[in-house]
Amino acid sequence: MPFASSSSRPRFLRREADSDEESETSSSGGEDDLEEDFPEEAQVEEDTTDEVAPGKRKKPPPITISLKRVCKVCKQSGHEAGFRGATYIDCPRKPCFLCKTPGHTTMSCPHRVAMEHGVIPASARNTKTPLDYIFMRQLKAKIPKIKPVYVIPDQVDCGLIRFHSRRVTCLEFHPTKSNILLSGDKKGQLGIWNYDKQHERTIYGSIHSCIVNNIKFSLRNDAMAYTSSSDGTVSCTDMETGISTLLLDLNPDGWNGPANWRMLYGMDVNTEKGVLLVADNFGYLYLLDVRSNVKIGEPILVHKKGSKVVGLHCNPVQPDVLLSCGNDHFARIWDARRLGTESCLASLAHGRVVNSAYFSLLTGNKILTTSQDNRIRVWDSIFGNLESPSREIVHSHDFNRHLTPFRAEWDPKDPSESLVVIGRYISENYDGVALHPIDFIDTSTGKLVAEVMDTDVTTISTVNKLHPRDQILASGSSRTLLIWKARQEDWEAKKQPEKRPKQFIFRRNEKKANGKFDSDSGGDSDDDDSNGKKRKAKKRQGKYKKLVW
């Protein structure tokens, strides 16, 4: 991708110490070298020409060393499977990795060529119930009859390379300040970045001890942010000072083994009642009063006991209607006024783990879920038949490990409530470079509206957040934060100032007071090609060396 002239070239600040991502990837590939240096089968035999003397022990039998290639999918020998560059080689013993159906390979899957293959818009369901008349009178008037033109932020404007010391797990835009982005990582750090001013960035590293799973803003003070973590705590942090207040601790006695350690994943705020809802990895829901910062009542079992509740979302129109999803392969709708084990309003079945579930952000009438079976499911009306989804869209987001789960999220600026954004797992070959695009999908038809990519971004963008007011996309790719904006000709109002060249900033390995910029050399790689890690690391290293002053 061409860059600006030398007078306006993007400035790179190199970290002093090499990252673990490069050191780990450079040590890989030894297995392939070993297989290339030796033949498929090597036989080492001891010399048996000498006669065995009577009374002495016989020599051991010949030792045969077999170096056969083993499939990483089915663990059988004789074939290989997995990623090789941008090409995915299917295991002959398993169905297609993308659509999970047998009879074809991933490269020839019809859903790979046309994502909307087999997706048919659902017909209007009218059961003539009072709820349908309420929807027609109160909610349908907000939906425009003509679908607006989508403006896609498809160009990198700026970025912080290796801003976090571990991979990014969640993102959230500030509700009133449009240029502030909050981010959480696997180590438990909370990052604050003013992307209009590249160097105004802060990291608070003493709030949580491990993964930050959710960030929500306070209803009374937008300078306060709630965070939930896998260390079993909920904190309220002042973003100006970094001082945090502990609201809930499910592990007051410390580590007592995995059977007793509680982790908090799903979190949302009931705006009408001022209640913070969080859910743990044992299927229980906890309620916190944000005005007095105390827990309300006892924990409530909302999913299968012992299963992880990974997502919570309150309906934007009626916050007492709660949507939850978890590892028991279900998304459930609840009435928050009478929560209980048998008070579930509806259960939405899925094939595998449900990574996320959201109501539509304008009317709250639609439901969007992302499941590990490579399916994005859409229910067009919560008042209709919820036994089966209106549409199932095949999309590649079934990952192995060491990645933040993919989540399809609504575009909050889309009045038609049909545009969603999600990262892609399977890489694509773009001029010889394996890239993982960010997909914009029209859920009303299942069509791929746009695939956003950049040749400088070779890792997987698992965390993506669209700005609630501006045409901006924030993405978390490994430990890097990126800001995407629409090209100048795509803006409806062309009175914007001249676009500046994209700027990347390397975070230095430094440390300040109050836990700011507390960093270590540990890191995770959002790269799925284990055999090509060394090759990709060298490619990235060489690319950065060319651009550094």
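Predicted, not measured: the structure shown is a model, and the values here were computed from it. As a basis for the values below, the full set of heavy atoms in this structure was taken, side chains included, without hydrogen atoms, waters or symmetry mates.
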Practice item. Determine whether Leu481 and Arg201 make a side-chain contact, defined as any pair of heavy atoms from C-beta on separated by less than 4.5 Å. Key: no

Exercise for review: Using distance alone, with no hydrogens and no angle criterion, decide if His397 and Thr370 have a side-chain donor and acceptor under 3.5 Å apart.
Suggested key: no

Exercise for review: Could you tell me whether a side-chain N or O of His436 sits under 3.5 Å from a main-chain N or O of Thr459, the two making a donor and an acceptor?
Suggested key: no

Study note, to complete from the structure: Heavy-atom closest pair (Asp289 atom, Arg291 atom, distance to 0.1 Å) is OD1-N, 3.0 Å

Practice item. Show your reasoning for whether side chain to side chain donor-acceptor pair (under 3.5 Å) applies to Trp193 and Ser183. Key: CA-CA 8 Å; Trp193 181 32; Ser183 58; over 6 Å; no

**Study point:** Distance (rounded to the nearest 0.5 Å) between Leu98 CG and Tyr425 OH
**Key:** 12.5 Å

Check your understanding: Is there a side-chain contact between Ile382 and Ile367, using heavy atoms and a 4.5 Å cut-off?
Key -> yes

Exercise for review: Look only at the side chain of Arg220 and the backbone of Val290, and say whether a donor-acceptor pair between them is shorter than 3.5 Å.
Suggested key: yes

Point to revise | Sub-4.5 Å side-chain heavy-atom contact between Pro299 and Phe282 | key: no

Check your understanding: Distance-only, no hydrogens or angles: does the Ser360 side chain make a donor-acceptor pair with backbone N or O of Gly364 under 3.5 Å?
Key -> yes

Exercise for review: For Arg424, enumerate each residue passing the salt bridge (charged side-chain N to carboxylate O under 4.0 Å, His left out) test, keeping only those at least two apart in sequence or located in another chain.
Suggested key: Glu428, Asp439, Glu451

Review point. Is the NZ atom of Lys304 crowded by more than 12 outside heavy atoms at less than 6.0 Å?
Key: no

Review point. For the residue pair His313 and Tyr358, does the interplanar ring angle fall in the parallel (under 30°), tilted (30 to 60°) or perpendicular (over 60°) class?
Key: perpendicular

Exercise for review: Report yes or no: does Ser371 contribute a side-chain atom to a donor-acceptor pair with the main-chain N or O of Val354 at less than 3.5 Å?
Suggested key: no

Review point. Cut-off 3.5 Å, side chains only: do Ser178 and Arg469 have a donor facing an acceptor?
Key: yes

Review point. Within the side chain of Thr169, is there an N or O that forms a donor-acceptor pair under 3.5 Å with the backbone of Ile211?
Key: no

Check your understanding: Between Asp231, Thr233, Ile243, Thr227, which is the residue that forms a side-chain contact (heavy atoms from CB on, under 4.5 Å) with Ile207?
Key -> Thr227

Review point. Can you tell me how far the CG atom of Asn270 sits from the SG atom of Cys314, to the nearest 0.5 Å?
Key: 5.0 Å

Review point. For Phe406 and Ser461, which heavy atoms make the closest approach, and how far apart are they?
Key: CE2-O, 4.3 Å

Review point. Out of His350, Arg407, Gln372, which one pairs with Asn355 under the side-chain hydrogen bond (donor to acceptor under 3.5 Å, both in side chains) rule?
Key: Gln372

Study note, to complete from the structure: Here the pair of heavy atoms bringing Ala408 nearest to Ile376 is CB-CD1, 4.2 Å

Practice item. Determine whether Met239 and Phe217 make a side-chain contact, defined as any pair of heavy atoms from C-beta on separated by less than 4.5 Å. Key: yes

Check your understanding: Heavy-atom distance under 4.5 Å between the side chains of Pro153 and Ile472, does that happen here?
Key -> no

Exercise for review: Verify the distance criterion only: is there a donor paired with an acceptor across the side chains of Trp484 and Ser475 at less than 3.5 Å?
Suggested key: yes

Check your understanding: Rounded to the nearest 0.5 Å, what separation is found between the CH2 atom of Trp410 and the CG atom of Leu466?
Key -> 12.5 Å

Check your understanding: Quick one: does Asn365's side chain have a donor or acceptor within less than 3.5 Å of a partner on Asp380's backbone?
Key -> yes

Practice item. Work out which heavy atom in Ser418 is nearest to a heavy atom in Tyr150; give both atom names and the distance. Key: OG-OH, 2.7 Å

Exercise for review: Give the intermediate values and the outcome of side-chain contact (heavy atoms from CB on, under 4.5 Å) for residues Phe173 and Asp470.
Suggested key: CA-CA 11 Å; Phe173 283 100; Asp470 301 332; over 6 Å; no

Check your understanding: Just wondering, do Leu312 and Ser324 contact through their side chains at under 4.5 Å, heavy atoms?
Key -> yes

Point to revise | Side-chain donor or acceptor of Ser235 paired with backbone N/O of Ser244 under 3.5 Å | key: no

Review point. Stepwise, does the side-chain contact (heavy atoms from CB on, under 4.5 Å) test hold for Met224 with Asp238?
Key: CA-CA 5 Å; Met224 307 294 291; Asp238 188 340; 3.8 Å; yes

Point to revise | Contact summary for Leu182 and Ala225, nearest pair of heavy atoms | key: CD2-CB, 4.0 Å

Point to revise | Ion pair Asp373/Arg375, N-O distance below 4.0 Å | key: no

Practice item. Give the intermediate values and the outcome of side-chain contact (heavy atoms from CB on, under 4.5 Å) for residues Leu323 and Asp268. Key: CA-CA 10 Å; Leu323 180 63; Asp268 203 3; over 6 Å; no

Point to revise | Reported NE2-to-CD1 distance for the pair His111 and Ile393, which is rounded to 0.5 angstrom | key: 11.0 Å

Exercise for review: Determine, stepwise, if the pair Leu322 / Val302 fulfils side-chain contact (heavy atoms from CB on, under 4.5 Å).
Suggested key: CA-CA 11 Å; Leu322 176 66; Val302 293; 5.9 Å; no

Practice item. Please tell me if the side chains of Tyr226 and Leu288 come closer than 4.5 Å, counting only heavy atoms from C-beta onward. Key: no

Exercise for review: Check each of Asn374, Asn327, Asp398 against Arg352 using the side-chain hydrogen bond (donor to acceptor under 3.5 Å, both in side chains) test, and report the only one that passes.
Suggested key: Asp398

Exercise for review: Determine whether the side chains of Arg167 and Thr404 contain a donor N or O and an acceptor N or O closer than 3.5 Å.
Suggested key: yes

Practice item. For residues Phe440 and Asp411, determine if any side-chain heavy atom of one lies less than 4.5 Å from a side-chain heavy atom of the other. Key: no

**Study point:** Donor-acceptor pair, side chain of Ser381 and main chain of Phe383, under 3.5 angstrom
**Key:** yes

Review point. Where do Phe163 and Gly191 come nearest, in terms of heavy atoms and distance?
Key: CE2-CA, 4.0 Å

Study note, to complete from the structure: Taken to the nearest 0.5 Å, the spacing of His395 NE2 from Ile422 CD1 works out to 5.0 Å

Check your understanding: Do any N or O atoms from the side chain of Glu417 and from the backbone of Thr363 form a donor-acceptor pair under 3.5 angstrom?
Key -> yes

Revision key, fill the gap. Rounded to the nearest 0.5 angstrom, the CG-OG distance for Leu264 and Ser229 is 8.0 Å

Point to revise | salt bridge (Lys or Arg N to Asp or Glu O under 4.0 Å) assessment of Asp335 paired with Arg337 | key: CA-CA 5 Å; Asp335 187 347; Arg337 294 166 294 187; 3.0 Å; yes

Review point. Do the side chain of Asp328 and the main chain of Ser307 share a donor and acceptor less than 3.5 angstrom apart?
Key: no

Point to revise | With sequence neighbours excluded, residues passing salt bridge (charged side-chain N to carboxylate O under 4.0 Å, His left out) with Lys308 | key: none

Exercise for review: Give a yes or no on whether a salt bridge exists between Lys273 and Asp320, defined as a side-chain N under 4.0 angstrom from a carboxylate O.
Suggested key: yes

